[in-house]
Amino acid sequence: MEPRRYMVALDFSLNSDYAFHEVLKLINKETDNLYILAVNEVKIPLDVGLVAVPYPSFEDYEPALIAQLAKYADLAKAAGVKNYQTILVNGFHAGEAICSTAEDKKVNYLVIGRRGLSKIKRIVFGSTSSYCLEHAPCSTITIKMPPELESQSLGLSSSTTPINKKDLSEKHPSLLDRFEHFRLHHSGAEKLP
């Protein structure tokens, strides 16, 4: 049987943290490939009449996202996953970036956490998981955290303090090198097809 390719999309919420831990239960840690994806989503500046309201640039969030991906790479390695890769993609729409990356990597299963937004919030803010269900080029597994766990942290998602580049280069030199050289599509950890 050919190894399967799983991609878990993280926004570092409790729900995506839960989805990550669930995908670790699904994969064959010896043979399957695991892509750990984060999207550096930045909105286009909002023009409100005479003044444009600026949003932070991609670079503003990049160090924190790199640090979070490194933590998840550590978790994958500690769980015994042999073939994993972290990916950071810059984009203006998380769903599009996730689906495009799934297509580029020829993913078999896209795994994504679901927040359970109300109908009103889905209409106003949109739902990344709904977008991915409609547009992903592969089977999509949405994972919703059980209500009894929603108030608890599973570990990483409560910690959003970024580590500095020196710490990252000491712990994950290949990860930092790749992030330093590529701005639009970054990857690190183990090299996968």
Would you say the side-chain atoms of Glu41 pair up with the backbone N or O of Ala94, donor to acceptor, closer than 3.5 Å?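 Yes, Glu41 side chain to Ala94 backbone: donor-acceptor pair under 3.5 Å.
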
Give a yes or no on whether the backbone of Gly113 and the side-chain of Asn15 come within a donor-acceptor separation of less than 3.5 Å.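 No.
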
Cys99 side, atom SG; Glu134 side, atom CD - distance, nearest 0.5 Å: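 These two atoms lie 10.0 Å from each other.
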
Taking atom CG of Asp11 and atom OG1 of Thr128, what is their separation to the nearest 0.5 Å?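 If we round to the nearest 0.5 Å, Asp11:CG and Thr128:OG1 are 7.5 Å apart.
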
Check: [Y] and [X] side chains under 4.5 Å, non-hydrogen atoms:
X: Arg4; Y: Ile27; result: no
X: Ser139; Y: Leu110; result: no
X: Ile98; Y: Met7; result: yes
X: Ile143; Y: Ile112; result: no
X: Tyr84; Y: Asn33; result: no
X: Arg5; Y: Lys106; result: yes
X: Val23; Y: Leu34; result: yes
X: Ile36; Y: Leu10; result: yes

Could you pull out all residues at least two apart from Thr31 that satisfy side-chain hydrogen bond (donor to acceptor under 3.5 Å, both in side chains)?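 Here the qualifying residues are Asn28.
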
Identify, with sequence neighbours excluded, every residue that meets side chain to side chain contact (heavy atoms under 4.5 Å, CB included) alongside Ala97.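 Once residues adjacent in sequence are excluded, the partners of Ala97 under the side chain to side chain contact (heavy atoms under 4.5 Å, CB included) criterion are Val39, Val89.
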
Residues in side chain to side chain contact (heavy atoms under 4.5 Å, CB included) contact with Ala38, at least two apart in sequence or another chain: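 Partners of Ala38 under the side chain to side chain contact (heavy atoms under 4.5 Å, CB included) test: Phe12, Leu69, Leu88.
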
Please name the pair of heavy atoms, one in [X] and one in [Y], separated by the smallest distance, quoted to 0.1 Å.
X: Asn108; Y: Cys138; answer: O-CB, 3.5 Å
X: Leu14; Y: Met145; answer: O-CE, 2.9 Å
X: Lys105; Y: Ile87; answer: CE-CD1, 3.7 Å
X: Ser16; Y: Ala9; answer: CB-O, 4.0 Å

Side-chain heavy atoms nearer than 4.5 Å, only ILVMFWY residues, links allowed to pass through others: does that put [X] and [Y] together?
X: Leu133; Y: Val111; result: no
X: Tyr131; Y: Val107; result: no
X: Tyr72; Y: Leu26; result: yes

Hey, could you give me each pair passing salt bridge (Lys or Arg N to Asp or Glu O under 4.0 Å) that has a residue in residues 86-98? Not counting sequence neighbours.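 Found none.
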
Restricting to ring-ring contact (aromatic ring centres under 6.0 Å, His included), what partner residues turn up for Tyr109, sequence neighbours left out?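 Tyr109 satisfies ring-ring contact (aromatic ring centres under 6.0 Å, His included) with Tyr6 once adjacent residues are dropped.
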
Taking only residues two or more places apart in sequence, or in another chain, which ones meet Glu22 in a salt bridge (Lys or Arg N to Asp or Glu O under 4.0 Å)?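 Residues passing salt bridge (Lys or Arg N to Asp or Glu O under 4.0 Å) with Glu22: Lys25.
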
